[in-house]
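Take a look at the structure below.
Counting starts at 1 for both ligands and their atoms, following the listed order.
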Amino acid sequence: MNSVVTPLPGTRTELSGGGTSERCPLPVPFGWFFVSYSEDIKPGELKNIQYFGQEWVLFRAETGEAGVVDPYCPHLGAHLGHGGKVEGDSLRCPFHHWAYNPKGWCTRIPYAKVMPPVTKRQPILKALPVAEKYGIVWAWYHPKGVEPQWEIPEIPELADANYIPPARGEWPVNTFIQELGENGIDFAHLKFLHHSPIIPTGECRAEGIRWFVNMANGYIMIEQTGPGLQVVRFTKGKVVTTMVSYPTPVSNSRTIMRMGFTHRKYPQGTPEAKLAADMLQEQVGQGSGAEAGFESVDMIVWNNKCYREAPLLCDGDGEILKWRRYFSQFYIR
Ligand code: FES
Ligand SMILES: [Fe+2]
């Protein structure tokens, strides 16, 4: 009997080719990553979240600022996300009511006559740098705590009232984040997995932290900034639809893939409106888990594949190794 077994993250799996291989041998990369839609964390709220291989507490102070902090109180180790409470500008620990602001500074110890001097000098609770842009709370993760090395780029479509509010999708995947982006340069799979009539041609280039792909003479243009943000624009005639992808590593072997799809608002009933709606449907539909759908077919591959560190490639493959060289700058090993 055939059965598909999805191994637990990080486990080793027997490959049909024989031998044992770690499915996901690479660490969580550094960069800006989606941690929440802004509207999903209101002033006064807190949530326990799991990203970058550990637990964090996401909260929003009553003053409006969002924080992503280590869950364990620097005092005596209580979990801030279990019984903690947002109070004013800070998150209050349930155990002895020490309070921390979104940057990790200790703001109050209600029973201390003198605050420990270190609390004046530096944040004592580990807090990730946070930015809010495009209705998304982004956290900067770096395994060594290095400060942000770039800014979240401008995505004109997401800041323009002439565009429809992005349609959103979300899919958990049992693999590491690099594999998702590798799809964008793996031209051959578009024919064989996705039934595209031809294998499209394309060019790619890396520019520092950015990565660009021009596929099928400008029909698909990919713009990646760091590991956690990719913008893909599809052009048919005068109509452009934009797919923004912001995957977040849960760990080095599990990723939540999230996307938003948008296009310019066109007057109802115009050919542009129809074409944009069709293109959007094509893309969203691809992502909706329909039987031959885009994401559902990739998903089966991703959830079960292993990583070939030194793959045997042929001349019809895209520039997979160039993509991997680009991506390798985000790993600290
Ligand atoms: S353990 Fe958090 S205040 Fe004491
Ligand atoms: Fe794919």
Contact summary for L26 and Q178, nearest pair of heavy atoms: CD1-OE1, 3.4 Å
Note: ligand 1 atoms sitting under 4.0 Å from heavy atoms of W98 are 3 (S)
How wide is the angle at the Fe ion (ligand 2) between NE2 in H194 and NE2 in H189, to the nearest 10°? 90°
Quick one: are the ring centres of Y141 and F30 less than 6.0 Å apart? no
Is the W140-W32 ring centre distance short of 6.0 angstrom? yes
Considering only N, O or S atoms, which atom of H96 is nearest to atom 4 (Fe) of ligand 1? ND1
Is the centre of the W150 ring less than 6.0 Å from the centre of the F330 ring? yes
Going by the order shown, which atoms of ligand 1 are within less than 4.0 Å of some heavy atom of C93? 1 (S), 2 (Fe), 3 (S)
What do the steps show when you test W171 against W302 for ring-ring contact (aromatic ring centres under 6.0 Å, His included), and what is the final call? CA-CA 12 Å; W171 305 266; W302 284 331; 9.6 Å; no
Counting backbone and side-chain atoms alike, does D298 have an N/O/S atom under 2.8 Å from the Fe ion (ligand 2)? yes
Mind checking whether Q329 and I209 have side chains closer than 4.5 Å, heavy atoms only? yes
Under a 4.0 angstrom heavy-atom cut-off, which atoms of ligand 1 come close to G77? 1 (S)
What protein heavy atom sits nearest atom 1 (S) of ligand 1, and how far away is it? L76 N, 3.2 Å
Would you say H75 reaches atom 4 (Fe) of ligand 1 with an N/O/S atom under 2.8 Å? yes
With atoms numbered from 1 as shown, which atoms in ligand 1 lie under 4.0 angstrom from a non-hydrogen atom of A78? 1 (S)
Numbered atoms and elements of ligand 1 in range of C73, under 4.0 angstrom, heavy atoms: 1 (S), 2 (Fe), 3 (S)
Does any part of the side chain of D70, heavy atoms only, come nearer than 4.5 Å to the side chain of L125, both counted from C-beta? yes
